[in-house]
Each structure stands twice: as C-alpha cells, then as structure tokens.
Amino acid sequence: ALADNGDGTYTFTDAAGATVLITDTSVSTMQDNGDGTYTYTDEGGNATTVNTNGVDITNLIPGNRIATISEADGNTYDIDETVTSLGLRNDGSLDYRDESNTNTNIPLVSTNANNDIVVDASGRLYLNVASVTIAETVTTITGTLLTGNSIGTYNNEDGTPFTINESITTLATADGTTFNYTSEDNTVTSFDGTDDQTAAEVTYDNTTSGLTAGDTQAAIDELAAGS
C-alpha cells in the first residue's frame, strides 16, 4: 500500500508490513488517484501513472534513486531524487556530500600557531579565552639625572634607545663676586656681583624734608651746605 499522509509525504507498506516514509520535496509529486493507481510527476513535468493493483514495489535504494516501481507486466520505473547533505563532525569540520554522493571534508579551525579557536566534544567552535594571547610591545624609560642635560633613556617599540634631554639653567660663582649664568642653550653670561652702588644712585624722597635734592648724595650735600 502507498498512503498519502496529507502533508507532502507518503507512507509505503510492503508485503511484510514494513513501512517507509517517502518525503515529497515539492519538486516532484505523487498523486493518489483513488483507484489503486498513482500519478508521479517528475521535476521536468513528465507524468507517469503507476498501477499498484497487484504491483510489487521493492528496492528502496539510498542515493539518487529513492525507489524502483515494478509493474505486473515486468516494466520498472526508477524514482530519482537529487540529494545533497551537510553535516558537522566532532573535530570541528563540515562534511558536504554532493548529488553524485561524493563527500568533501571542510576544516573550520585554522592551523595557524596563533589560533585560539578550539572545538568542543560536539564539534562546535568556541574562543578559548583562557589561552588567548595578545601581543603587546613594551616600551621603557630608564635612568636618572645623568651628566649634562640628559635625564634618561627611552626605548621604543622596536628597541631603539633615545636619550631624553632637559634644558637646564645654572648660576654659579667661583670667587663670590663674578657670577656665570648658563642658559638653556648652554650660552654662558658672566657678570660682576660686587655691590659698588653710590649714594648718588639712590633716590631720595624730599616730600617732607623741604630739601630740593632728588638723590641721597645731593641731600647730604644740601644739608652740609645749610649747616
């Protein structure tokens, strides 16, 4: 018997009572005519009528041929279907089987030494965070206040060292009277630090004294002349 399940599938029951489910892919169809005959329409639209009254349907074969129908007069018809499949293996690769039943294995995990993608027991991939390595270039600054204007050495990402200089000014004296000033560009300027200021160089406020002198020396001379 061949029964239409009403959902696009058919159930075939052989003489021994074993059943096989035939799935309709909506590309080819099998129509129950209600009188023990069925109309099979293939992908090209070609129709074939199958009379199951006294017919022996045997040899459900995997692959492209899904069934062979044998009529009472000895004529046989193959029902062919193009089938492809895609499956996940537990090693994290895909198995693709094409229409000619040729199997191709497709690895999903890179063999690169820096790869941190791993496979679980079911073949699914995940990022192993515990083993993730992030390459980071470390730079350093070493040294303290060195001789001259250098305060340290900086080593960049490729290991090249650079001396870090600081512009420093200094003021120094050797005899207590002459001073040397060194600027940021190392220019030295010397000046005499001896205090030799005279009274004439000191201004004088004559607002309340009544004197006309404008500096200290003149004020002293004006007082001396008046006395």
Side-chain angles (χ1 to χ4, degrees), residues 84-98 103-227:
T84 63
S85 65
L86 185 66
L88 178 66
R89 297 178 57 177
N90 58 11
D91 63 355
S93 64
L94 293 175
D95 273 337
Y96 170 68
R97 190 176 300 276
D98 63 18
N103 186 71
T104 302
N105 182 252
I106 306 171
L108 298 179
V109 181
S110 171
T111 57
N112 189 289
N114 295 322
N115 176 52
D116 290 305
I117 300 295
V118 294
V119 182
D120 65 14
S122 65
R124 291 173 295 183
L125 311 182
Y126 70 96
L127 176 63
N128 187 6
V129 179
S131 69
V132 171
T133 55
I134 301 177
E136 178 64 29
T137 302
V138 179
T139 61
T140 60
I141 298 179
T142 59
T144 57
L145 187 61
L146 307 178
T147 58
N149 292 344
S150 174
I151 62 174
T153 300
Y154 168 69
N155 297 284
N156 69 6
E157 287 80 357
D158 63 3
T160 303
F162 294 92
T163 300
I164 303 175
N165 295 319
E166 175 63 31
S167 297
I168 300 175
T169 61
T170 59
L171 183 64
T173 180
D175 55 11
T177 59
T178 302
F179 293 86
N180 294 324
Y181 170 74
T182 304
S183 66
E184 292 84 353
D185 61 358
N186 286 326
T187 301
V188 179
T189 302
S190 298
F191 61 91
D192 187 358
T194 303
D195 187 3
D196 57 355
Q197 188 177 37
T198 65
E201 297 173 337
V202 180
T203 59
Y204 173 72
D205 184 2
N206 58 15
T207 303
T208 59
S209 67
L211 300 178
T212 61
D215 60 71
T216 301
Q217 183 63 51
I220 294 174
D221 294 342
E222 188 174 344
L223 288 173
S227 64

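Because the structure is predicted, anything quoted here is derived from the model rather than measured.
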Out of curiosity, [X] [atom1] to [Y] [atom2], how far, rounded to the nearest 0.5 Å?
X	Y	atom1	atom2	value
D120	N90	CG	CG	9.5 Å
L108	L94	CG	CG	4.5 Å
D98	S85	CG	OG	9.0 Å
L211	D221	CG	CG	11.0 Å
T160	N155	OG1	CG	8.5 Å

Problem set entry | I117 side chain reached by Y126 side chain, heavy atoms, under 4.5 Å | no
Problem set entry | V119 vs D91 side-chain heavy atoms within contact, under 4.5 Å | no
Exercise. How would you list, by chain and number, every residue that makes a salt bridge (charged side-chain N to carboxylate O under 4.0 Å, His left out) with D205, sequence neighbours excluded?
Worked result: none
Exercise. Which residues pass the salt bridge (charged side-chain N to carboxylate O under 4.0 Å, His left out) test with D95, sequence neighbours left out?
Worked result: R89
For this session: Go through the structure and list residues passing side-chain contact (heavy atoms from CB on, under 4.5 Å) with S110, not counting sequence neighbours.
Result: N112, N115
Just checking, is any N or O donor in the side chain of [X] or [Y] under 3.5 Å from an acceptor N or O on the other one?
X	Y	result
T212	E222	yes
Y181	S190	no
N105	S93	yes

Closest approach of [X] and [Y], non-hydrogen atoms and distance?
X	Y	value
D215	Y204	C-CB, 3.3 Å
T203	T216	O-OG1, 3.8 Å
A213	A218	CB-C, 3.4 Å

